[in-house]
Structures are given as structure tokens and as C-alpha cells.
Amino acid sequence: MWEAEDKSIKFDMKKLKNWSTWSKEDLGEYLRQNGVSDKIVAVFETEEIEGQHIPNLKMNLLMMRGVSYVECLQVRKIFEKLMSLETNTQLMKVYNDPIHGHIEVNPACQAIIDTPIFQRLRFLKQLGMVYYVYPGAGHNRFEHSLGVYHLAGQFVRNLRLNQPELNITDKDILCVEIAALCHDLGHGPFSHVFDNLFLPAILDKNINKEKKSIMEDLKKETTKLNTTEDNKNTISEKINVGIKSLDFKGDEKKIEALMQEIRDLKAITEEEVSKLKKSLNSKIHNVASKLGQLGQLHISFSERRSIVDDLRDEISKLKTTEDNKSIITTMISDEMNVLGIKYTDKKVETLMEKIKDLKAITEKEILHLKEIIHSKLKLLSAKIGQVDFTFPAKEKKAIIEVLRAKIAKLETTEDIKKRITEIITNGIMSLNLKDDYQKVDAIMKEINDLKAISEEEMLQLKKRLLSEINKLSDKQGKVAFAYPAQHDKISVLLIDVLDKKVKFKENYQLKDNDVTFIKEMIGGPLEITGSQKWPYEGRKENKSFLYEIVCNKRNSNDVNVWDYLARDCHHLGFYNNFDYSRFMKFARVIDEDGEKQICIRDKEIANLYNMFYTRYTLHKYAYQHKVNRGLEMMVKDVLKYANDVVLLEGENGSMVKISDCMKEEGLKAFISLNDNILFKIFNFSENGLLEKEKKKLRKAKEIIDRIFKRKLYTCHWESQPLFPKSFEYKNEPIYDLDKKLKPLFTDNPKGYIIKLTHFDFGMKEENPVERLKVYSKKSPDKARFFTKAESSIILGPAKFNETILRVYLKESVDINGIRGTALVETCNNWYKEWVATKQKQKEEGEVESLKDTIKSIFNEKTNMFTELATDITKLNLQEITADGLKEKISRTMKSDGITKDLASGILKQQNH
């Protein structure tokens with residue numbers, strides 16, 4: 001007997017990786033070897049389905065040919081596994097993870113893992129000092145990064161399988177996985193303590209110097225006042241307290257409150273008060289510019305969206321149809337989508353003209369909308385720091401020189417080059433970081449009018465010009481003023497360091513735009529794009545949904561959140577209510593207003609509320625646990641004392657401060673910086689130190705010793721939840737309570753700390769679920785925003801943020817002594833006064849609102865308005881009933897419509 005020759009195709013790793021080149025015979029044989037029946041294989045061969053068709057294969061095609069749903073799922077799983085194989089012929093590495101089971105890591109990502117930069121994450125605890133509160137929370141950022149990598153790969157492959165028309169490529173998947181793996185590389189020691197507490201504390205030193213300078217200048221001003229010495233001293237003290245509370249951002253209300261306090265003294269004239277105010281504003285403005293109150297140079301989605309959301313209530317009050325209201329909302333939304341760094345009156349006028357052309361609302365309503373839009377934009381303008389700012393001439397000339405080299409390469413005549421140089425020189429010399437994008441547009445228009453260079457050359461020139469402006473604004477103080485999401489910025493910088501080691505382009509066929517794409521997924525847009533709608537360069541708008549997988553800037557729902565919820569709950573012993581695998585199953589990419597977004601089935605809203613509630617629970621009982629916050633403040637103090645003493649080795653043997661490790665020039669030192677810094681400081685020798693440095697080091701060591709012996713900063717008083725919207729300014733409760741506590745700590749002013757602790761669902765006062773777009777079973781390609789009321793009247797909270805005020809004592813002698821008892825009594829009394837004051841302000845605000853409502857209706861009938869306004873006041877004082885007032889309005893007015901509207905509004909306010 002002879003044995004039949006084995007003619008089956010051998011699928012070695014090389015052939016598997018090249019599945020897209022398979023013939024229908026290859027594909028049929030592969031399916032047979034994976035247990036698929038001959039009947040199904042015959043369907044593939046009849047339809048002439050080859051390897052190249054796998055990504056776009058629709059399962060309903062097979063079902064129409066008699067393949068059952070279960071058999072389709074079997075085939076789909078085989079193809080999903082096949083498509084997950086990388087083009088590199090190396091085998092995948094496997095990690096056993098307690099959350100996700102076996103995680104397969106592709107060769108490119110394994111090469112990243114095997115670098116010191118990534119291995120450093122093993123020594124950064126995911127939850128920082130929470131480990132000292134919950135002993136199980138010892139997991140680290142290394143395993144979290146692996147988990148995020150796994151979920152990102154799973155999610156993007158799921159999208160490709162369910163929606164082949166998205167044209168998600170293997171390279172897209174690899175880039176998403178690398179971004180997911182590297183998103184936390186830039187974290188400093190002890191989770192967010194480094195960027196949120198320590199770095200701002202170092203920055204505060206510089207700010208405090210500036211505040212002292214303002215105080216000294218204003219003290220000279222007060223000596224010139226025409227009043228008694230006691231009054232001068234009192235005014236000077238009040239000014240000093242006011243200056244200490246300044247943030248150099250949105251300080252107008254604080255300044256006004258300070259001036260009112262001075263007025264109430266009745267010690268100086270109104271003219272002198274105005275002069276003091278003008279002088280103070282001038283000083284603050286100068287310091288804000290000096291410190292770099294430039295904020296971010298692009299307007300984030302959340303800021304644009306917040307303006308639209310604020311206007312929704314106003315639009316809902318318009319006397320027009322629901323369709324017209326919807327059109328007006330869309331018009332305003334569209335304008336916000338293209339809002340540049342500096343809004344202009346002209347843009348608002350254009351928008352109002354469009355609304356006017358609808359002929360749907362009155363001229364008065366248009367004016368009212370216009371006023372509100374202007375008001376919101378001015379606030380936003382102040383928030384992102386569009387202050388008057390002048391670039392030094394020397395710096396402007398440096399930009400001109402850079403661009404001169406670029407102009408020299410243009411394919412045009414020397415005369416034209418000379419003319420372009422003149423245009424750019426004149427434009428740059430007028431820069432002041434205010435209206436600069438309009439100026440750049442004007443420069444480019446002037447050059448375009450020459451009709452001497454190509455459109456591509458124009459774009460390159462504009463891009464370079466904007467890039468140089470960005471660099472200069474950074475240099476002038478943007479990064480000196482704040483460290484926004486600093487770990488993201490460092491993660492982006494470390495991608496370039498990794499590229500040199502791993503060689504993405506040579507070894508894994510990635511291009512420059514792919515590396516840019518990876519960086520953008522972690523840190524957002526890399527360069528200023530002016531008012532252009534699409535700010536990214538790595539991928540075009542048709543792949544916009546890929547930016548929502550790793551770090552979702554739109555609504556904070558991403559694989560990073562999914563992993564830390566599951567992982568942190570597991571190690572803390574909490575229950576995780578959110579099912580991310582179910583979210584993946586129902587996620588769908590939908591083209592909305594020309595931009596593809598990840599949307600979810602409307603029936604999955606309850607699952608999302610579970611996610612955001614789990615996040616809230618973790619913050620409430622772990623991340624912002626009162627003991628953990630005390631520990632974090634101790635670590636912050638340790639690092640602050642050691643910052644100038646314990647130096648780390650940087651580039652070329654230079655020694656770098658701990659705070660400077662987060663700068664580009666300190667990256668080498670940063671790679672050696674991890675949670676072990678506490679032990680490094682504790683064991684650091686005093687040999688060779690100056691006496692001043694020794695004192696700082698001893699203070700740092702003393703606090704570390706207290707941490708180990710559990711003699712902690714203790715939360716001695718905690719308020720009931722406060723509603724942040726009631727604050728006049730950001731830290732109002734802190735400064736208000738601080739005035740009451742200061743007399744108790746005259747001998748030790750730094751013996752206590754007042755902290756505001758914020759809890760929310762991820763988007764401050766907003767409901768994040770209403771920021772998610774959903775689709776329905778009947779309309780799978782149409783997305784819309786989903787309101788809380790649509791899902792359930794009992795699902796989710798009524799408010800989505802709260803603030804708790806905590807007072808910490810540093811010394812045990814205070815905690816157990818008379819001072820501790822006095823502190824609790826003082827805080828309780830302050831809280832009662834605070835609540836009563838805020839309630840009164842709220843009621844007064846409601847009364848004024850009602851008066852304004854009546855005034856707008858009866859603006860032509862002064863006597864009637866006066867009488868009714870008086871009655872509204874009586875209503876608030878409960879001297880007249882709502883029914884009585886309603887009856888009086890009915891008698892006064894003839895129009896039933898107005899009567900009902902007005903009475904309804906009054907009753908609503910009264911019931912509220």
C-alpha cells in the first residue's frame with residue numbers, strides 16, 4: 001500500500017502574515033484547517049472570495065447564501081484573529097494580566113516595552129499614595145499601560161470588522177496600539193501629585209514674588225491717601241489680603257469685592273478708590289503678561305461646546321417654532337466649531353445677520369442673543385489669556401530671519417522674494433499675540449495677491465510662520481505660568497526618544513505622519529492651526545474617530561478610563577458596574593457634520609451612567625480620600641524642600657532640579673525619576689551642603705519619617721457638599737474661611753491647610769452622557785445627542801458636581817489640643833454663615849430675575865412695572881401669595897397669553 005501525498009497547504013507564519021495575497025483556494029484551505037465545514041467553504045469558492053476581500057466582507061452576504069448566524073460568527077472570529085497578525089514575522093509576546101487575561105503584544109510594542117523609558121513605569125504606582133490607605137492598591141502604570149494597549153487594539157479591530165467601509169488599515173491599528181501603550185510615559189512620581197501639586201507649588205514661589213512686588217507698590221499709593229494713618233494701614237491690610245487671593249486669571253470679581261470693602265470704610269473719596277483700582281488693575285495686568293497668562297493657544301472642544309450649551313436655555317425662550325430654534329442652535333454651533341484664538345465683532349455680526357435672515361425672531365431677541373454671545377466670548381477670551389502682550393523686537397527679527405531662509409527657496413524671481421520678505425517683515429513687527437491669526441491671514445492674503453508662488457508654497461510659509469509665533473509665545477512665558485496636563489506633553493516628547501531606539505520607520509514601516517498621529521492621540525494637536533476646522537495632521541477628517549479611542553477629548557469616554565476603572569476597582573476591592581466589552585459591541589462610527597464620531601446605541605445609556613458613577617465613587621472613596629489627600633500634601637512638601645538640594649543627573653553630566661525634569665532639557669533625569677525618590681531623599685547625605693540646604697533636607701527627611709510612622713497631616717474638619725456654581729470666584733470659600741482661621745494660628749500661620757476637593761462625573765457641572773452621541777436601531781447611521789430625561793427620570797443625579805471644603809492640621813499638638821476644638825467651632829460657624837449668605841444671594845437673584853422679566857414685558861408701562869415689582873418683593877418676603885399676585889396680574893393685563901406666561905414664571909420661581 002502506498003500513502004496518498006499530502007497536498008494540503010502549509011500555513012507557516014510568513015504565509016499567515018500575507019493573508020491579503022491569498023487566492024480563493026488558499027482561503028478555502030485555511031478555513032477547512034480551522035474547522036469550517038465544506039458547505040461554507042463552497043460558498044466562499046462560488047463567490048470567488050479571496051484574501052484581499054476579508055476586511056470588507058459583509059456577514060449578511062454569507063447568510064443570504066444559506067450560512068447560519070452561528071457559522072457566520074465562527075468565520076468572523078477566524079478572520080478577526082487572522083487580521084490581528086502583524087506584517088513582521090516575529091511571534092507575538094503574551095502577558096498574563098489579572099484584568100484582561102492573556103494579552104498578546106505585537107513586536108513593535110514589545111520593542112518599546114523593552115526600553116528603560118517604559119520599564120520605568122514598573123516603579124510608578126498607578127494610584128500613588130492611595131497605597132498607604134488601601135494596601136491592595138500596589139499596582140503600577142506598567143500593567144495599566146498594557147491594559148490600555150489591549151483594549152485599544154480590541155476596540156479598533158472591532159470597528160474594522162463591523163464597519164469595513166471605515167478603511168481602517170493595519171498601520172492605523174499599530175499607531176493606535178503604540179499611542180495606548182505610551183500614553184502614560186510622562187507621569188512623574190506618585191501619580192498626579194507631581195503635576196497637580198508639586199509643580200504648581202514651585203510655580204507659586206515665582207507668583208508670590210510678584211504679589212509682594214504689587215503689595216509694595218500699592219503701599220506707596222496708600223501713603224498718599226488723604227486720610228488718617230489708621231485708615232491707611234487698614235486699607236493697606238485689605239489690599240494685601242486681596243492680592244494674596246489673586247490667580248491672575250478672572251480676578252475682576254475679587255478686585256471689585258476688595259474695592260467695595262474699601263468703600264465701606266468711608267475713609268477715602270470715590271475718586272481715590274477709582275485711582276487705587278486703576279493702579280491695581282494695571283499692576284495685575286503687567287504681572288499676568290510677565291508670567292505668561294497666555295493659557296492654551298487653541299480653544300478646546302469643551303470650551304466651544306460650553307458656549308453653545310449656555311445659549312441653549314436662551315434659545316429655548318425665543319418666541320418661535322422648535323424648528324427655528326434648532327436652526328439657530330446649529331448656526332451658533334457651526335460658528336463655535338471654527339472659532340479662532342481671537343473672536344472678532346465682525347464674526348459675531350455675520351452670525352447675527354444669518355439669524356436675522358431667517359426672519360424667525362424679533363430684532364429685540366436678536367440683540368439679546370448678540371449681547372450674550374459677546375459676553376460669553378469675552379469671558380473665554382479672558383480665560384485663555386488674550387491679554388495685551390508685546391513681543392520684543394529682537395525676537396520678532398529672529399522670526400524674520402528664519403522665514404528669510406524659507407523665502408529664499410521659493411521658485412520665483414528675486415524681486416518677488418524681496419517683496420514677500422517686506423510683507424512678512426511689516427506683518428511680524430506688528431505682532432502682539434492679540435489678533436495675530438487675523439494678522440497672519442492678512443499677511444498671507446497680501447502675498448497671495450502677488451500671484452507669484454504656488455498654493456502649496458503658501459501653505460508651507462503660513463505653517464512655518466504660525467509655528468514660529470507659537471514657539472515665541474511659549475518662550476515669553478506660557479509654560480512658565482502653568483503646567484496643563486504636563487505628563488501628556490512629556491509623553492509626546494518621549495515618543496521621539498523612543499523612535500531613536502526602536503526605529504519605527506526603519507523596522508516597522510511607519511512614516512512621519514504616523515509618528516505625528518501617535519503623538520496627537522496622546523497630547524492633542526501639536527501645532528497652532530489658527531481657525532482651521534481640522535487641527536490634526538497625522539490623519540485626515542475621515543479618520544477623526546481614531547482620535548477618540550485612547551484619549552477622548554470630546555467626552556472622556558476612552559479605553560484609558562475603561563482600564564483604570566476595572567483595574568483600580570479590582571485592586572481596591574470595589575465593584576465595577578461598567579461593562580466595556582458591551583460598549584465595544586454597540587459602538588458605531590457615524591458621519592456627523594462632516595466628522596466621523598464614535599457613537600453608542602441609545603439603549604446603552606444606563607451602562608454609561610454606570611461608568612461615570614463608578615468613576616465618581618473611585619474619586620470619592622479612594623483617589624480623593626481625606627487621608628490620601630493629606631499624604632499627597634506631605635509628599636508635595638517633601639519634594640518642595642528637596643527640590644534645590646537633591647539633584648538628578650541630566651544631559652552631559654549636568655545636575656538637574658527635580659522640578660526641571662519635566663522640561664525637554666531634563667528628559668534624561670526624568671527617566672530615572674520614580675516613586676523611589678522618597679528613599680533617595682531620605683538617604684541623601686548632607687556632606688558638602690550649605691547650611692541653608694541642610695535645613696531644607698532635614699525638613700524633607702522629617703516629613704518622610706512622619707509618613708513612615710503614620711504621623712500624618714490630618715483632616716480635622718470637613719464641610720457638607722457645596723455647589724461650585726454659587727462661588728463668586730474659584731477659591732472663594734478658601735479665602736473666606738481663611739480670614740476666620742488666621743487669628744487662631746498667629747504663632748504658626750502655616751500650621752493648617754484649607755483644601756477644596758471637587759467631585760464630578762468627569763465634566764464638571766455637565767452631564768457627560770449628554771455629550772455622547774447615540775444612534776437607534778431604526779436609524780443606525782444617524783446620530784444625535786441624548787438627554788437624561790429620555791432615558792429615565794430616576795437615572796443619574798440631578799446635579800453632576802459638588803465641592804467639599806477640608807481643613808488639615810499639620811501638628812498633632814494642634815489636633816488634640818484646644819486649638820483643634822476652636823478650629824471645629826470656627827469652621828461650623830463659618831459654614832452656617834456661608835450657607836445663609838448664599839441662600840440670601842440666590843433669593844435676591846431670583847427676585848431681580850423676576851423684576852427683569854416683568855420689565856421686559858411692561859417696559860412701556862412704567863407705573864404698572866413699579867407696582868408689580870413691589871409685589872414681587874412682597875412675594876419673596878411671603879407678604880403676598882402667588883395666587884394673589886396672579887389675580888392682580890390678571891386684573892391688570894388684558895392679554896391672556898402674557899398673563900399665563902408671567903404667572904407661570906412667578907409660580908415656578910416661588911416653588912423653586
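Quick note: residue numbers are just sequence positions, from 1. Just so it is clear, the structure is predicted and the values come from calculations on it, not from any experiment.
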Are the side chains of [X] and [Y] in touch, meaning some heavy atoms are under 4.5 Å apart?
| X | Y | value |
| --- | --- | --- |
| Val75 | Phe44 | yes |
| Leu146 | Leu181 | yes |
| Phe583 | Leu608 | yes |
| Leu151 | Gln154 | yes |
| Cys182 | Ile518 | no |
| Arg615 | Leu565 | yes |
| Asn801 | His758 | no |
| Val561 | Phe612 | no |

Within the distance-only criterion (no hydrogens, no angle test), does the side chain of [X] pair as donor or acceptor with the backbone N or O of [Y] below 3.5 angstrom?
| X | Y | result |
| --- | --- | --- |
| Glu520 | Tyr536 | no |
| Lys171 | Gln509 | yes |
| Tyr580 | Asp558 | no |
| Asn607 | Asp579 | yes |
| Asn552 | Asn557 | yes |

Which atoms form the tightest heavy-atom contact between [X] and [Y], and what is the distance?
| X | Y | answer |
| --- | --- | --- |
| Ala152 | Val176 | CB-CG1, 3.9 Å |
| Pro98 | His570 | CB-NE2, 4.2 Å |
| Ile590 | Pro780 | CD1-O, 3.4 Å |
| Leu510 | Cys175 | CD2-SG, 4.1 Å |
| Gly51 | Leu27 | N-CD2, 4.4 Å |
| Thr516 | Gly538 | CG2-N, 4.0 Å |

Q) Is the shortest distance from a Lys or Arg side-chain nitrogen in Arg539 or Glu548 to a carboxylate oxygen in the other one below 4.0 Å? A) no

Q. Would you call Lys585-Glu604 a salt bridge at under 4.0 Å N-O?
A.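 No, no charged N to carboxylate O under 4.0 Å.
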
Q | Verdict with reasoning, Asp184 to Ser491, per side chain to side chain contact (heavy atoms under 4.5 Å, CB included) | A | CA-CA 6 Å; Asp184 268 356; Ser491 297; 5.7 Å; no

Q: Report the C-alpha distance between Ile178 and Asp514 in whole Å, list the side-chain angles of each, state the deciding distance to 0.1 Å, and finish with yes or no for side chain to side chain contact (heavy atoms under 4.5 Å, CB included).
A: CA-CA 10 Å; Ile178 291 173; Asp514 296 319; over 6 Å; no

To the closest 0.5 Å, what do you measure between [atom1] ([X]) and [atom2] ([Y])?
| X | Y | atom1 | atom2 | answer |
| --- | --- | --- | --- | --- |
| Leu546 | Leu159 | CG | CG | 8.0 Å |
| Glu71 | Ile40 | CD | CD1 | 3.5 Å |
| Lys596 | Gln163 | NZ | CD | 9.5 Å |
| Leu618 | Cys569 | CG | SG | 4.5 Å |
| Lys778 | Asp602 | NZ | CG | 10.5 Å |
| His150 | Glu177 | NE2 | CD | 10.5 Å |

Q.
Pair Glu537, Lys519 - check salt bridge (Lys or Arg N to Asp or Glu O under 4.0 Å), show working.
A. CA-CA 10 Å; Glu537 292 187 0; Lys519 292 177 182 177; over 6 Å; no

Have [X] and [Y] got a donor and an acceptor in their side chains that come within less than 3.5 Å?
| X | Y | answer |
| --- | --- | --- |
| Asp563 | His100 | yes |
| Asn576 | Arg567 | no |
| Asp568 | Tyr623 | yes |

**Q.** side chain to side chain donor-acceptor pair (under 3.5 Å) partner of Arg160, chosen from Thr169, Asp170, Asn167
**A.** Asp170

Does atom [atom1] of [X] have more than 12 heavy-atom neighbours from other groups under 6.0 Å away?
| X | atom1 | value |
| --- | --- | --- |
| Glu165 | CD | yes |
| Phe759 | CZ | yes |
| Lys77 | NZ | no |

**Q.** Parallel, tilted or perpendicular, as decided by the 30° and 60° cut-offs, for the rings of Phe155 and Trp562
**A.**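 It falls in the tilted class, 30° to 60°.
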
Q) Relative to each other, are the rings of Phe517 and Tyr547 parallel, tilted or perpendicular (30° and 60° limits)? A) perpendicular

Q: Could you go through the side chain to side chain contact (heavy atoms under 4.5 Å, CB included) check for Arg601 and Arg582 one step at a time?
A: CA-CA 11 Å; Arg601 259 294 285 282; Arg582 186 173 174 84; over 6 Å; no

Q: Before giving the answer on side chain to side chain contact (heavy atoms under 4.5 Å, CB included), spell out for Val156 and Phe545 the whole-Å C-alpha distance, their side-chain angles and the decisive distance to 0.1 Å.
A: CA-CA 10 Å; Val156 71; Phe545 60 92; 5.7 Å; no

(Q) As a quick check of understanding, evaluate ring pair (Phe, Tyr, Trp, His ring centres under 6.0 Å) for His183 and His144, giving each step before the final call. (A) CA-CA 10 Å; His183 79 285; His144 166 63; 5.2 Å; yes

